[in-house]
Novice: 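Have a look at this one.
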Amino acid sequence: MATFFGEVLSVCSRAVEEDDDDLDENEEDEQIRRELEEKREVQLLWSPEVSESLKSGNKLQCSDFILAVGHNAARFLSVYVLTSANWDAVGHASVWNERSRAVTEQTSVDSACVFYRRKDDPSVLICQVTCHVAEDQLFQWTEKVFDCLQHRELNVTVLSDCPVAEFKTADYLRCSSAPFLRSLHSGAFSGQSVCRSLEQPNIVTGLPAAVLNHCEVHRIAAVVYQCYSDVIGPDSVTMETYKPALTKLDKSIQLDWSPSTDVLRKFVTNTNIQSNLYI
């Protein structure tokens, strides 16, 4: 480059330098994006027995799959089903996102999706989900879980929590009867629902919707029972609302219709203490 005084200067183009900087930043961004994608990948961790069976190409022989999504749905199974010694924890799913940073080795029901299988009837599988599954993780969670299950004669029952404030109706006095159940099922479901169908324009969202959509596509019999409640945390009255949803599965899961007060206090009181704003 020549100056007004005739002096020639060698100056590198700023455009080249900026392009190089942009390239480095793009590579860094891409690396960070890949690391986040790997971290957000849903990991299924099964017991050694189940893992060996899956590695051999054998899928889990499952006739009934009960999925509980939300604190009241999950606690309902803890109180009315899993209190017996007839169940084994056979695996869990690790889900990491902005709202749920579950550690891979952690199996707490409050931080991961935990799977249980009945000891004397391994074809009955239960899953409790109280952690948040992000939108970009719903598809892979559903695909990975159902890829482990045989689909022939499979029946899926989903229990789902939902705030009554999200229930849309012309008669809002009906919401005063909360908690109440509504159902939505796949086309392959031929059973009789134990409650009214979900009225339009209400919809099912999140993991229950992803599971129901998967079952509809793959022609699996599935029904979602959504409980609308005006209580945020686990509540004994809301838990009892789920009872009719499993009446037809009583022989498969053996419901404890009259759980002890100590059991109820264990799964209700602890959560109430944690949600107290003054502690």
Novice: Looking at CG of Asn202 and OG of Ser197, how far apart are the two atoms once the value is rounded to the nearest 0.5 Å?
Specialist: 12.0 Å
Novice: For Val158 versus Pro208, what's the shortest heavy-atom pair and its separation?
Specialist: CG1-CB, 4.0 Å
Novice: Of all the heavy-atom pairs spanning Ala93 and Val42, show the shortest one and how long it is.
Specialist: CB-CG1, 4.4 Å
Novice: Taking Val231's backbone N and O only, do any of them form a donor-acceptor pair with Ser229's side chain (distance below 3.5 Å, no angle check)?
Specialist: yes
Novice: Donor-acceptor pair, distance only, cut-off 3.5 Å: does the side chain of Ser186 make one with the backbone of Ala222?
Specialist: yes
Novice: Suppose we screen for side-chain hydrogen bond (donor to acceptor under 3.5 Å, both in side chains). Which residues come up paired with Arg40, at least two apart in sequence or across chains?
Specialist: Glu98, Asp136
Novice: With rounding to the nearest 0.5 angstrom, report the OG1 to CG distance, Thr83 to Leu77.
Specialist: 10.5 Å
Novice: Distance alone, cut at 3.5 Å: any donor-acceptor contact between the side chains of Asp161 and Tyr242?
Specialist: yes
Novice: Could you report the tightest heavy-atom contact between Thr157 and Ala245, atom names first, then the distance?
Specialist: CG2-O, 4.5 Å
Novice: Could you report the tightest heavy-atom contact between Ser160 and Ala73, atom names first, then the distance?
Specialist: N-CB, 4.4 Å
Novice: Does the side chain of Leu212 reach to within under 4.5 Å of the side chain of Val156, using non-hydrogen atoms?
Specialist: no
Novice: Do the side chain of Gln128 and the main chain of Ala74 share a donor and acceptor less than 3.5 angstrom apart?
Specialist: yes
Novice: Look up atom CG in Leu44 and atom NE2 in His92, then write down how far apart they are to the nearest 0.5 Å.
Specialist: 9.5 Å
Novice: Any side-chain heavy-atom pair from Glu153 and Ser63 closer than 4.5 angstrom?
Specialist: no
Novice: Could you measure the distance from the CZ atom of Phe189 to the OG atom of Ser183? Nearest 0.5 Å is fine.
Specialist: 7.5 Å
Novice: Please walk me through it: do Leu198 and Ile203 pass side chain to side chain contact (heavy atoms under 4.5 Å, CB included)?
Specialist: CA-CA 8 Å; Leu198 186 62; Ile203 58 174; 5.6 Å; no
Novice: So Phe167 and Glu199, do their side chains get closer than 4.5 Å, heavy atoms only?
Specialist: yes
Novice: Roughly how far apart are Arg75 CZ and Ser236 OG, rounded to 0.5 Å?
Specialist: 13.5 Å
Novice: Per the salt bridge (Lys or Arg N to Asp or Glu O under 4.0 Å) rule, what does the pair list look like for residues 42-56, sequence neighbours excluded?
Specialist: Glu49-Arg117
Novice: Over all heavy atoms of both residues, which pair between Gln192 and Tyr225 is shortest? Give the atoms and the distance, please.
Specialist: O-OH, 4.3 Å
Novice: Pick from Leu67, Val90, Ile66, Asp64: which one makes a side chain to side chain contact (heavy atoms under 4.5 Å, CB included) with Ile126?
Specialist: Ile66
Novice: Under the rule for side-chain hydrogen bond (donor to acceptor under 3.5 Å, both in side chains), what residues qualify as partners of Ser51, not counting sequence neighbours?
Specialist: none
Novice: Enumerate the ring pair (Phe, Tyr, Trp, His ring centres under 6.0 Å) contacts for residues 36-61, please, sequence neighbours excluded, ordered by first and then second residue.
Specialist: Trp46-Phe115
Novice: Walk me through whether Gln43 and Trp96 qualify under side chain to side chain contact (heavy atoms under 4.5 Å, CB included).
Specialist: CA-CA 9 Å; Gln43 302 289 340; Trp96 187 96; over 6 Å; no
Novice: Is there a side-chain contact between Leu246 and Phe76 in this structure, where contact means two heavy atoms from C-beta onward sitting under 4.5 Å apart?
Specialist: yes
Novice: Count I, L, V, M, F, W, Y as connected when their side-chain heavy atoms are under 4.5 Å apart, and connections chain through other members. Are Val223 and Leu249 then in the same cluster?
Specialist: yes
Novice: What are the two closest non-hydrogen atoms of Pro234 and Asn72, and how far apart are they?
Specialist: CA-OD1, 3.2 Å
Novice: Are the side chains of Val124 and Trp87 in contact, using a 4.5 Å heavy-atom criterion?
Specialist: yes
Novice: To the nearest 0.5 Å, what is the distance between CD (Gln226) and OG1 (Thr241)?
Specialist: 13.0 Å
Novice: Hey, is the main chain of Cys62 close enough, under 3.5 Å, to the side chain of Gln150 for a donor-acceptor pair?
Specialist: yes
Novice: Taking the inter-plane angle between the rings of Phe180 and Tyr228 on a 0 to 90° scale, is it parallel (under 30°), tilted (30 to 60°) or perpendicular (over 60°)?
Specialist: parallel
Novice: Which residue pairs satisfy the salt bridge (Lys or Arg N to Asp or Glu O under 4.0 Å) criterion with at least one member in residues 141-151, sequence neighbours excluded?
Specialist: Glu41-Lys144, Lys59-Asp147
Novice: Please say which of Glu135, His132, Gln137 ends up in a side chain to side chain donor-acceptor pair (under 3.5 Å) with Asn97.
Specialist: Gln137
Novice: Could Arg33 and Glu30 be called an ion pair, given the rule that one side-chain N must be under 4.0 Å from one carboxylate O?
Specialist: yes
Novice: Quick one: list whatever passes side-chain hydrogen bond (donor to acceptor under 3.5 Å, both in side chains) with Asp235, sequence neighbours left out.
Specialist: Thr238
